[in-house]
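One is the number of the first residue; the rest follow in order along the sequence. As the structure is a prediction and not an experimental result, all values here were calculated from the model.
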Amino acid sequence: MHRRLILRTAAASAATLALPGFAQAWPARPIRLVVPFPPGSSPDLIARLVAEPLSAALGQPVVIDNKPGAGGNVGTGMVAKSDPDGHTLLFTIQGPLVTAPLLSKSLNYDPVKELAPVTLVATSPNLLVVDPKLGAETLADFVRVAKARRGELNYGSVGNGSAAHLAMELFKRRAGIELVHVPYQGFPQVVNAILAGQVQAGFMVPGIAMGQVRAGKLRGLGVTTLGRSAALPDFPTLVEQGYPEFEAISWQAVLAPAKTPAPVIERLSRELVRIIKSDEVRTKMLAQYFSAAGTAPAALAGLMTSERLGWAQVIKRADVKQE
């Protein structure tokens, strides 16, 4: 009995010694959480909700490092090329992970080969908004107006290949309407363009649009989740309004450089899921029109794959080109 106990203890010690030294001591210094978008953007705001409790859980500061540029590709590429020691992480949206590789032939990173999923943090519907002066009270009204004024109406997005652009291209095909795409640098510019009558519609993240919707300056016609969104429960889905299985969500996730040790990924995922699912963080996310997720790494990897396959078809059918 005593001999078996010694052997088990020795085996456990050997297994511990077999782990890389930095995995045993991780985190050994502050963690840099790279957000490839500017301060005040949706990814930045949600990242800050989880950074502080993650710092408390890990015993090291988690420092937000905003690295905007090229629609998030600059900061994403930087993390992809970083040392896989668990001290540099990425907090990003789906664009740099899903659509950028489909559109860009000069992308300097491969999100599948060079990034390791940690967890899906939050999801949000896209909200279809229109100019109230169109006289469209419902989605069906908007489709009727668009068909009557075929090719005369414009819609705004935040650039070629953006979630807002692809969502509208998908809807145009499903609804059998023609709208002219006008790209802008950001959602505030799209909102201003609708208010000025330069474009008549657009899909956008609710946090940008809801102030103007409540003021009656924009009209919200529907959300792009399969079921009603907890963030916008009063808005019907496009599914409810006659477009089965129509889904075009926005999402945010944490990833690490590929080859980051599995024990580090597992610990990060476990701590983040606990934080994301806490009542405090869930409530704060809902206030920003996001629903808390919190998934295992494999679930995030599966989402990235399914989104890539789905949007590749939309890009091909709509002949979307890189700007």
Side-chain angles (χ1 to χ4, degrees), residues 22 26-27 29-48 50-51 54 62-122 157-166 183-187 205 250-262 264-265 268-269 272 297 300-312 315 320-323:
F22 57 80
W26 181 88
R29 60 181 185 275
I31 292 172
R32 181 172 60 152
L33 185 58
V34 175
V35 179
F37 297 94
S41 61
S42 290
D44 176 74
L45 295 174
I46 300 298
R48 292 179 189 277
V50 301
L54 182 60
V62 176
V63 181
I64 302 291
D65 187 4
N66 297 97
K67 295 291 183 184
N73 296 348
V74 171
T76 301
M78 184 179 70
V79 175
K81 306 299 181 184
S82 296
D83 291 336
D85 60 7
H87 293 93
T88 301
L89 304 174
L90 174 68
F91 193 107
T92 190
I93 63 175
Q94 69 266 40
L97 304 174
V98 173
T99 54
L102 297 172
L103 290 168
S104 177
K105 296 180 180 179
S106 59
L107 205 65
N108 70 340
Y109 64 90
D110 184 330
V112 175
K113 295 180 179 179
E114 296 183 286
L115 290 168
V118 176
T119 189
L120 177 66
V121 175
S157 85
V158 289
N160 281 358
S162 65
H165 178 204
L166 297 181
Y184 293 87
Q185 290 188 338
F187 281 119
V205 292
S250 295
W251 48 268
Q252 302 182 1
V254 174
L255 300 95
K259 299 183 181 179
T260 298
V264 172
I265 296 290
L268 275 169
S269 182
L272 281 167
L300 174 55
L303 175 65
M304 291 169 60
T305 298
S306 64
E307 289 261 297
R308 195 175 298 114
L309 292 172
W311 291 119
I315 288 169
V320 177
K321 303 293 184 183
Q322 185 182 20
E323 292 176 312

Test item: [X] side-chain N/O and [Y] main-chain N/O as donor-acceptor pair under 3.5 Å:
X      : Y      : answer
Trp26  : Gly86  : yes
Tyr109 : Pro96  : yes
Ser104 : Ser106 : yes
Glu307 : Leu303 : no
Asn160 : Lys321 : yes
Asn66  : Phe37  : yes
Thr88  : Arg32  : no

Q) Is the closest side-chain heavy-atom distance between Phe91 and Ile46 below 4.5 Å? A)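 In short, these two side chains touch, coming nearer than 4.5 Å.
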
Q) Are Pro257 and Val79 side-chain neighbours, meaning at least one heavy-atom pair lies under 4.5 Å? A)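 The answer is yes; the side chains approach within 4.5 Å.
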
Distance in Å, [X] [atom1] paired with [Y] [atom2], rounded so as to fall on 0.5 Å steps:
X      : Y      : atom1 : atom2 : value
Asn73  : Leu103 : CG    : CG    : 9.5 Å
Thr76  : Asn108 : OG1   : CG    : 9.5 Å
Trp251 : Thr92  : CH2   : OG1   : 8.0 Å
His165 : Thr99  : NE2   : OG1   : 11.0 Å
Asp85  : Ile31  : CG    : CD1   : 9.5 Å
Tyr184 : Ser162 : OH    : OG    : 13.0 Å

Shortest non-hydrogen contact from [X] to [Y]?
X      : Y      : answer
Pro36  : Leu90  : CD-CD1, 3.9 Å
Arg48  : Ile64  : NH2-CG2, 3.6 Å
Thr119 : Ser269 : CB-OG, 4.4 Å
Ile265 : Ala256 : CD1-CB, 3.8 Å
Val34  : Gly75  : CG1-O, 4.0 Å
Ser250 : Val205 : OG-CG1, 4.1 Å

Q.
Tell me whether the count of non-hydrogen atoms from other residues, nucleotides or ligands lying under 6.0 Å of NZ in Lys81 goes above 12.
A. yes

(Q) Quiz question: by atom type and distance under 3.5 Å, do the side chains of Trp311 and Gln94 form a donor-acceptor pair? (A)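 On atom types as modelled, these side chains do not qualify, holding no pair under 3.5 Å.
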
Q | Worked check of side-chain contact (heavy atoms from CB on, under 4.5 Å) between Leu272 and Leu54 | A | CA-CA 7 Å; Leu272 281 167; Leu54 182 60; 4.0 Å; yes

Q.
Applying side-chain contact (heavy atoms from CB on, under 4.5 Å) to Leu255 and Met304, what does each step give before you reach the verdict?
A. CA-CA 12 Å; Leu255 300 95; Met304 291 169 60; 4.1 Å; yes

